[in-house]
Number of protein chains: 4
Amino acid sequence: MAELTRREREKAQHRRLILEAAEAVFAEKGYHAATMHEIAERAEFSVGSLYNFFENKTDLYRELINMRAEEFTAGVAESLEREPDVPGKLRAAIRAKLEFFRTHQEFFLLFARLHSGEEFEGPVALPEKTRRLYVEGIRRLAAVMAEGIRRGVIVDRDPTTLVLCMDGVTNSAIAHWMHGGDSAEGVVAPEVIEEVLFHGILSGGK
Amino acid sequence: MAELTRREREKAQHRRLILEAAEAVFAEKGYHAATMHEIAERAEFSVGSLYNFFENKTDLYRELINMRAEEFTAGVAESLEREPDVPGKLRAAIRAKLEFFRTHQEFFLLFARLHSGEEFEGPVALPEKTRRLYVEGIRRLAAVMAEGIRRGVIVDRDPTTLVLCMDGVTNSAIAHWMHGGDSAEGVVAPEVIEEVLFHGILSGGK
Amino acid sequence: MAELTRREREKAQHRRLILEAAEAVFAEKGYHAATMHEIAERAEFSVGSLYNFFENKTDLYRELINMRAEEFTAGVAESLEREPDVPGKLRAAIRAKLEFFRTHQEFFLLFARLHSGEEFEGPVALPEKTRRLYVEGIRRLAAVMAEGIRRGVIVDRDPTTLVLCMDGVTNSAIAHWMHGGDSAEGVVAPEVIEEVLFHGILSGGK
Amino acid sequence: MAELTRREREKAQHRRLILEAAEAVFAEKGYHAATMHEIAERAEFSVGSLYNFFENKTDLYRELINMRAEEFTAGVAESLEREPDVPGKLRAAIRAKLEFFRTHQEFFLLFARLHSGEEFEGPVALPEKTRRLYVEGIRRLAAVMAEGIRRGVIVDRDPTTLVLCMDGVTNSAIAHWMHGGDSAEGVVAPEVIEEVLFHGILSGGK
DNA sequence: TATGAATGAGGGTTCATTCAT
DNA sequence: TATGAATGAACCCTCATTCAT
C-alpha cells in the first residue's frame with residue numbers, strides 16, 4: 001500500500017509536470033500551433049505518455065484551463081471574504097487578479113483568448129465546469145456590486161455591467177504590461193486602476 | 001479602356017468578396033483552424049483563385065486585419081475631430097468604437113485576439129503598417145487625454161494608462177454583447193460605460 | 001493575300017520567340033520545374049497565347065527539342081559531306097558538334113538529359129521523329145567508321161561502339177566547359193580531344 | 001541494451017528500405033516527377049514514415065545520391081590502390097566503374113543527370129559533401145594521369161582533360177547498354193573501351 | 001488572335017493518435 | 001507504465017489548362 005501511494009504520488013507529479021509544459025507551449029503558440037511533440041519534449045516525457053494522462057490534446061488543454069481557472073476563482077473568492085466592506089472587497093479582487101496573473105503570465109494569454117471568443121465554442125469548447133466557474137465568478141462580483149448599490153456606495157447601475165467595466169480595466173492593464181513590457185514605468189499601478197475605476201477619469205468637483 | 005476598367009472593377013470586387021468570406025471564417029475559427037478551402041467555398045471561388053489575390057494564407061489574414069484596422073482608425077480619428085472639447089472627443093471615440101464593432105462584429109474576434117497576444121508576434125506577425133496604426137491610435141487618444149489634463153478636466157495621471165482603461169472598458173462591453181448575446185437588456189449601454197469611465201463606480205460625494 | 005502572308009510571317013516569328021524563351025527556361029530549370037507562366041513572361045506573351053501555338057507543355061518541349069535536333073543533325077551531316085577522307089570527316093563532325101553547342105549552350109543541358117534518360121521515356125517521351133533523327137545520326141557516323149575500317153584507317157571494332165566513344169569524349173568536354181567554366185585554360189581544346197580519340201592516351205611506341 | 005540495439009537495427013533497416021524504393025522511383029521518373037506517395041508505397045511504408053527518416057524530399061534525394069557516391073568513390077579508390085602501374089590503375093578504374101553501374105543501373109540515371117547539369121545547382125543542389133567526393137574522385141584519377149605523364153607512359157596533355165575523356169567514354173558505354181539494352185552484343189566490351197582509350201581509333205602504324 | 005482570371009487535381013508536408021515492445 | 005516509430009487524413013500551395021472577353 002505504501003508502494004501504491006508512492007506510485008500515486010509519482011503519477012500526480014508527472015501529471016503536473018506535463019500540465020506545466022503544456023501551459024508554456026500553449027501560451028507561446030496558441031492551441032493550434034502547439035504540438036503534442038513539443039509539449040512532450042518540454043515535459044521530458046514521450047508523446048505516448050501524454051496519452052496516459054490525458055485523453056487527447058483537447059482534453060489536456062481543458063484540464064489545464066480548468067486547473068488554473070479554479071486556482072484563480074478560489075483566490076478571488078478568498079480575497080473577497082477577507083475584506084468587510086464593498087470598496088475593500090473590490091480593491092482586493094483587483095489586486096488578487098493582478099497578482100494571480102503576475103505569477104501566471106503565461107496563463108493570461110490563454111485566459112484572454114477565452115474572453116475574446118477563440119475556442120470558446122467549437123471543437124475546443126471549454127468543459128461545462130470551467131464555464132460555470134467563470135460565470136459564477138462574475139456573479140459573485142456582481143453580488144458585491146449589488147450590495148454596494150443597496151448600501152449607497154456604488155452607483156445604481158446594472159451590477160453585471162459594473163463588473164464588466166472592472167474586468168475590462170484590469171484586463172487592459174495586464175495585457176499592457178504583458179506585451180508592452182515597458183519594464184520601467186510602463187506597468188500600470190493598481191492604485192491608478194482603482195482610482196479610475198472608483199472615481200472616473202474626470203477630475204474636479206464630482 | 002472601358003474594358004480594362006471593367007476588368008479592374010471586377011477584380012477589385014472579387015478581392016473584396018474573398019476578404020469578406022475570409023473575415024467570416026477567420027472570426028469563426030481563428031487563424032489556424034480556418035482553411036483556405038473553406039474560405040474559397042464561402043467566397044464561391046476556387047482555392048486557386050485565392051492565390052491570385054493573396055500570396056498565401058498569412059498574407060490574406062494580414063490584408064484583412066489591415067483593411068479593417070484602417071477603417072477603424074479612420075473612423076475614430078474622424079470622430080475625434082468632429083468634437084471640440086475633450087469629454088466630447090472621448091465620448092465620440094467610445095461611440096465610434098462601439099458603432100464600428102456593431103457593424104463588424106466578426107472583426108472584433110480577430111481584433112481581440114491581437115490584443116490578447118495571439119498572432120501578434122510569431123509566424124503570423126502583423127505587418128508593420130498595422131502595428132503602426134494601432135500605436136498611433138493609442139497615441140492620438142493619449143494626446144486628447146493630455147490636453148484634458150492640461151485643461152484640468154481630466155485627472156492628472158499617465159495619459160496612456162487612462163487610454164488603456166477606456167479601451168478595456170469598451171472591449172469588455174463589446175465582448176459581453178458578442179457572446180453573451182443576452183439580446184434583451186444584456187447590451188451594455190454606451191451611456192453607462194461613459195458614466196463609469198467619467199465618474200467611476202463609486203456613488204455620491206466623491 | 002499580302003495581308004495573309006504578313007500574318008503568317010508574324011505568326012512564325014511569334015512561334016520562334018516562344019520557342020526561344022522556352023529553351024532558356026527549360027534549360028535553366030528542367031522540364032518539370034519550368035512553368036508555362038515563366039515561359040510566357042520571358043516571351044512577353046500571355047499564357048493563353050502559348051496554347052495558340054502549342055497543344056500543351058509537352059508539345060512545346062518536344063517541338064523545341066526536335067527543332068534543335070534537326071539543326072544539329074543537319075549541321076553534322078553537312079560537315080561530313082564537305083570532307084573527303086574518313087579522318088577528316090570525323091574531325092569535322094567533332095568540330096561541328098562543339099561548335100553547335102557553343103552557340104546553343106542552353107540546348108546542351110536538354111540534350112544531355114535526353115541521353116541520361118530523363119524524359120526519354122515516360123510521359124514526356126520524345127516524338128518518334130526526334131528519336132529517328134538521333135538514331136540516324138549515330139548510324140551515319142557508324143557508316144563513316146565502317147568505311148574507315150574497310151579502308152584500314154580505323155581499328156577493326158564495332159563501328160557503333162567507336163561512335164559511342166567519340167560521342168562520350170565530346171560530351172564530357174562540352175559538359176566540362178559548361179559548368180566548370182574555367183574560362184581560362186579549362187576549355188578542352190578540340191585538338192586534344194581529337195588526338196586522344198585518334199591516338200589514345202598512351203604515349204610512345206604503340 | 002539488447003532491446004535498444006534491436007530497435008536501432010530495425011530503424012537502420014527501414015531507412016535502407018526507403019532509400020532503395022526512392023532510388024527506384026527517382027531513377028524511373030526523375031526528381032520532380034517522383035512523388036513521396038509513390039516512394040512510400042513502393043517501400044511499403046506510410047508517407048509520414050518517410051518524414052521520420054528524412055527531413056523532406058530533397059533531403060531524401062541527397063542522402064541517396066551521397067550514399068551511392070560514397071560507395072562508388074570508395075570502390076574506384078580501392079581498385080586504384082590494388083594495381084601497381086599506371087595503365088593497370090586506369091584499367092581497374094574503368095572496370096570498377098562499369099561494374100558498379102552494372103549492379104546499380106538505376107543509380108546511373110541519377111548520376112548522369114548530375115553530370116549533365118540538372119540539379120547540380122538550384123533548389124536540389126547536392127550537399128557539399130557529395131560535390132567534394134566528385135571533385136576528389138576526378139583529382140585522384142588526374143594524379144594517376146600525371147604520374148603516367150612523368151613516367152612517359154601517358155601522353156603529355158592536361159591530366160584533367162585526359163580524365164574527362166576517360167569518363168566520357170565510359171559514360172557513353174554505360175548509357176548505351178542502359179537504354180539501348182541490345183542485350184545481345186550491344187554491350188560495349190570493357191576491352192574495346194580500354195583499347196580505344198589507350199590506343200585511339202586510328203589503326204596502324206602510330 | 002491575344003489576354004489573364006478562374007479552375008481544381010495533385011503534390012509536399014504536418015501532426016494527433018495508436019500500439020507493439 | 002513509458003516509449004517512439006508508424007500511420008494517414010488533412011492542410012497549404014502550385015500550375016497546366018480553359019474560356020469569356
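Below, chains carry the letters A, B, ... as their sequence lines are ordered, and counting in each starts from 1.
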Might you work through the side-chain contact (heavy atoms from CB on, under 4.5 Å) test for D:Glu71 and D:His104, ending with a clear yes or no?
-> CA-CA 11 Å; D:Glu71 288 173 26; D:His104 295 292; 3.6 Å; yes

Taking B:Lys29 for the side chain and B:Thr35 for the main chain, is one N or O donor matched with an acceptor at less than 3.5 Å?
-> no

Figure out the CZ/P separation between B:Phe54 and F:dC12, and round it to whole Å.
-> 15 Å

Roughly, in whole Å, what's the span from CD in C:Glu55 to C1' in F:dT18?
-> 14 Å

Rounded to whole Å, CG of A:Asn56 lies from P of E:dT17 at a distance of 5 Å

Minimum heavy-atom distance C:Lys129-C:Asn66, with the two atoms named | CE-ND2, 3.3 Å

Where does the angle between the aromatic ring planes of A:Phe26 and A:Tyr61 fall among parallel (under 30°), tilted (30 to 60°) and perpendicular (over 60°)?
-> perpendicular

F:dA2 P sits how many Å from A:Arg15 CZ, rounded?
-> 13 Å

Could you name each residue pair satisfying salt bridge (Lys or Arg N to Asp or Glu O under 4.0 Å) that touches residues 16-27 of chain A, not counting sequence neighbours?
-> A:Glu23-A:Arg68

Could you check how far CD of B:Glu41 sits from P of E:dT7, rounded to whole Å?
-> 12 Å

Validation: residues 44-53 of chain B side-chain donor-acceptor distances under 3.5 Å, sequence neighbours left out:
from    : atom 1 : to      : atom 2 : distance (Å)
B:Ser46 : OG     : B:Ser49 : N      : 3.4
B:Ser46 : OG     : B:Ser49 : OG     : 3.3

Runs of at least three Watson-Crick or G-U pairs with DNA chain F, cut-off 3.5 Å | E:2-21 with F:2-21

For B:Ala34, answer base if it contacts any base atom (sugar-phosphate contacts may also be present), sugar-phosphate if it contacts only those atoms, and nothing otherwise; contact means non-hydrogen atoms under 4.0 Å.
-> sugar-phosphate

Atom-pair distance (OH on B:Tyr51; C1' on E:dG11), nearest Å | 13 Å

In B/S/- notation (B base, S sugar-phosphate only, - none; protein heavy atoms under 4.0 Å), nucleotides 3-8 of chain F written 5' to 3' is BBSBBB

How many Å lie between NZ on C:Lys29 and P on F:dA16, as a whole number?
-> 11 Å

Separation of atom CD1 in B:Ile18 from atom C1' in E:dT7, rounded to whole Å | 13 Å

Check the pair C:Glu38 / C:Arg42 against side-chain contact (heavy atoms from CB on, under 4.5 Å), numbers first and verdict last.
-> CA-CA 6 Å; C:Glu38 185 172 355; C:Arg42 188 156 340 188; 3.8 Å; yes

Residues that C:Ala69 engages under side chain to side chain contact (heavy atoms under 4.5 Å, CB included), provided they are two or more places apart | C:Thr130, C:Leu133

Of the listed nucleotides F:dA16, E:dA16, F:dC13, the one nearest the side chain of B:Lys57 | F:dC13

Can you name the side chain to side chain contact (heavy atoms under 4.5 Å, CB included) partners of B:Glu55, sequence neighbours left out?
-> B:Asp59

